[in-house]
Amino acid sequence: MTTEPISFDPADVDPQQHDDEPHDTGIRSRLNWLRAGVLGANDGIVSTAGLVVGVAGATTDRSAILIAGTAALVAGALSMAAGEYVSVSTQSDSEKALLDKERRELVEEPEEELAELAQIYVDKGLSSALAQQVAVELTAHDALAAHAEAELGIDPGEVTNAWHAAWASMISFFLGALLPLLTIVLFGPDLRVPVTMVAVAVALALTGWASARLGYGPPGRAVLRNVGGGVFAMVVTFAVGSALGAGIA
């Protein structure tokens, strides 16, 4: 049984059918700081909620809860920014070093690099003749971009920006942490913990849905993981705070 080759006219294809797929340029850079923003907000919500609920379990003193929550908010935001900057800077430095190496090889060993690029397309399923043609034309158009993308998986125009990730992470952590901090201090002793838990669960459902959308994953599973983890953290810290508060009293 033989298989007929598939042919089509690009004019017959409706590009609007795939508008939800990220084909535009710069998508990697935007996803980088969006990812940092979503994770920062999630960490701000969970870590601050866990701390203030734990303190609320130990004491009803609004001032003590506010001081502890504010300290957690500021320290967490700065820590997230510093950690994200260091992590992404390391990745960026590695990408730049690899691109510099590729530039040198293209100047010093152009024929070997062309053969390597053609072999990559052969390994992906193209015939030797077509792979050679593709390699030649892509190299003529933009040699560094063609080789970096095929060999390294790097787009030279989208090297990861550490500052974008750091700022996104810091600001989102700060905003996320505000929610449990405000709910825990604005309500009275009888309501502050349950209201905070409900507010945090709703916020975590939103960040779980957002992270799933960014990663093109199933939102239901992400929401359940997010909410379940956050509620578990608050229950544990409240129990620990209550036990310590009772012991000290």
Side-chain angles (χ1 to χ4, degrees), residues 3-13 15-40 43 78-172 211-217:
T3 301
E4 293 295 330
I6 299 174
S7 62
F8 70 96
D9 184 351
D12 295 334
V13 178
Q16 299 299 321
Q17 293 179 352
H18 299 281
D19 280 346
D20 59 335
E21 294 182 1
H23 295 301
D24 58 326
T25 58
I27 187 65
R28 183 181 174 212
S29 177
R30 286 198 296 275
L31 284 179
N32 175 56
W33 64 262
L34 283 172
R35 173 196 58 80
V38 171
L39 292 178
D43 286 348
L78 294 176
S79 176
M80 285 291 294
E84 193 72 24
Y85 180 81
V86 170
S87 174
V88 176
S89 291
T90 302
Q91 177 184 343
S92 179
D93 291 343
S94 297
E95 291 176 349
K96 290 176 181 177
L98 289 171
L99 288 173
D100 288 340
K101 179 176 180 292
E102 195 63 35
R103 288 188 184 94
R104 290 195 303 271
E105 291 176 346
L106 285 170
V107 172
E108 298 171 359
E109 303 173 342
E111 294 182 359
E112 289 82 354
E113 284 296 297
L114 183 62
E116 183 180 10
L117 184 60
Q119 185 59 48
I120 290 174
Y121 291 117
V122 169
D123 294 340
K124 290 184 176 181
L126 297 185
S127 66
S128 296
L130 182 56
Q132 183 69 22
Q133 180 183 351
V134 170
V136 169
E137 293 188 10
L138 288 178
T139 299
H141 175 69
D142 190 333
L144 179 61
H147 287 259
E149 183 178 1
E151 297 177 28
L152 308 172
I154 299 174
D155 184 342
E158 291 186 28
V159 176
T160 310
N161 190 309
W163 283 110
H164 288 173
W167 280 109
S169 184
M170 183 180 72
I171 293 172
S172 61
S211 64
R213 290 290 297 171
L214 286 175
Y216 294 90

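Positions are given from 1, in the same order as the sequence printed here. No hydrogens, no waters, no symmetry mates; every other heavy atom, side chains included, goes into these values.
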Peer 1: Name every donor-acceptor pair, under 3.5 Å, that has one atom in a side chain of residues 132-139 and the other anywhere in the protein, sequence neighbours excluded.
Peer 2:
residue : atom : partner : partner atom : Å
Gln133  : NE2  : Glu137  : OE2          : 3.1
Thr139  : OG1  : Ala135  : O            : 2.7
Thr139  : OG1  : His147  : NE2          : 3.2

Peer 1: Quick one: does any side-chain atom of Ser172 pair with a main-chain N or O of Ala168 as donor and acceptor, under 3.5 Å?
Peer 2: yes
Peer 1: Looking only at non-hydrogen atoms, find the nearest pair between Leu117 and Ala150 and report the distance.
Peer 2: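 Looking at all heavy atoms of both residues, the shortest contact is CD1-CB, 3.4 Å.
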Peer 1: Residues in side chain to side chain contact (heavy atoms under 4.5 Å, CB included) with Ser92, at least two apart?
Peer 2: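 Lys96, Val159.
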Peer 1: By the definition side-chain contact (heavy atoms from CB on, under 4.5 Å), identify the one residue from Leu106, Asp100, Val107 that meets it with Arg104.
Peer 2: Asp100
Peer 1: Test: salt bridge (charged side-chain N to carboxylate O under 4.0 Å, His left out). Region: residues 107-125. Which pairs qualify, not counting sequence neighbours?
Peer 2: none
Peer 1: Decide yes or no on side-chain contact (heavy atoms from CB on, under 4.5 Å) for Leu98 and Glu95, but give the supporting numbers first.
Peer 2: CA-CA 5 Å; Leu98 289 171; Glu95 291 176 349; 5.8 Å; no
Peer 1: Under the rule for side chain to side chain contact (heavy atoms under 4.5 Å, CB included), what residues qualify as partners of Asp93, not counting sequence neighbours?
Peer 2: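 Side chain to side chain contact (heavy atoms under 4.5 Å, CB included) check on Asp93 returns nothing, list empty.
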Peer 1: Please round to the nearest 0.5 Å and tell me the distance separating atom OG of Ser89 and atom CD of Glu84.
Peer 2: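 Between atom OG of Ser89 and atom CD of Glu84 there are 9.5 Å.
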Peer 1: Considering non-hydrogen atoms only, spot the tightest contact between Val122 and Ala131 and give its length.
Peer 2: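 Of all heavy-atom pairs spanning Val122 and Ala131, the closest is CG2-CB, 3.5 Å.
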Peer 1: Which pairs, with at least one residue in residues 79-115 and sequence neighbours excluded, count as a ring pair (Phe, Tyr, Trp, His ring centres under 6.0 Å)?
Peer 2: Tyr85-Trp163
Peer 1: For Ala162 and Val88, work out which heavy atoms get closest and say how close.
Peer 2: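 In this case the closest contact between Ala162 and Val88 is CA-CG1, 3.5 Å.
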Peer 1: Which residues pass the ring-ring contact (aromatic ring centres under 6.0 Å, His included) test with Tyr121, not counting sequence neighbours?
Peer 2: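 For Tyr121, no residue satisfies ring-ring contact (aromatic ring centres under 6.0 Å, His included) once neighbours in sequence are set aside.
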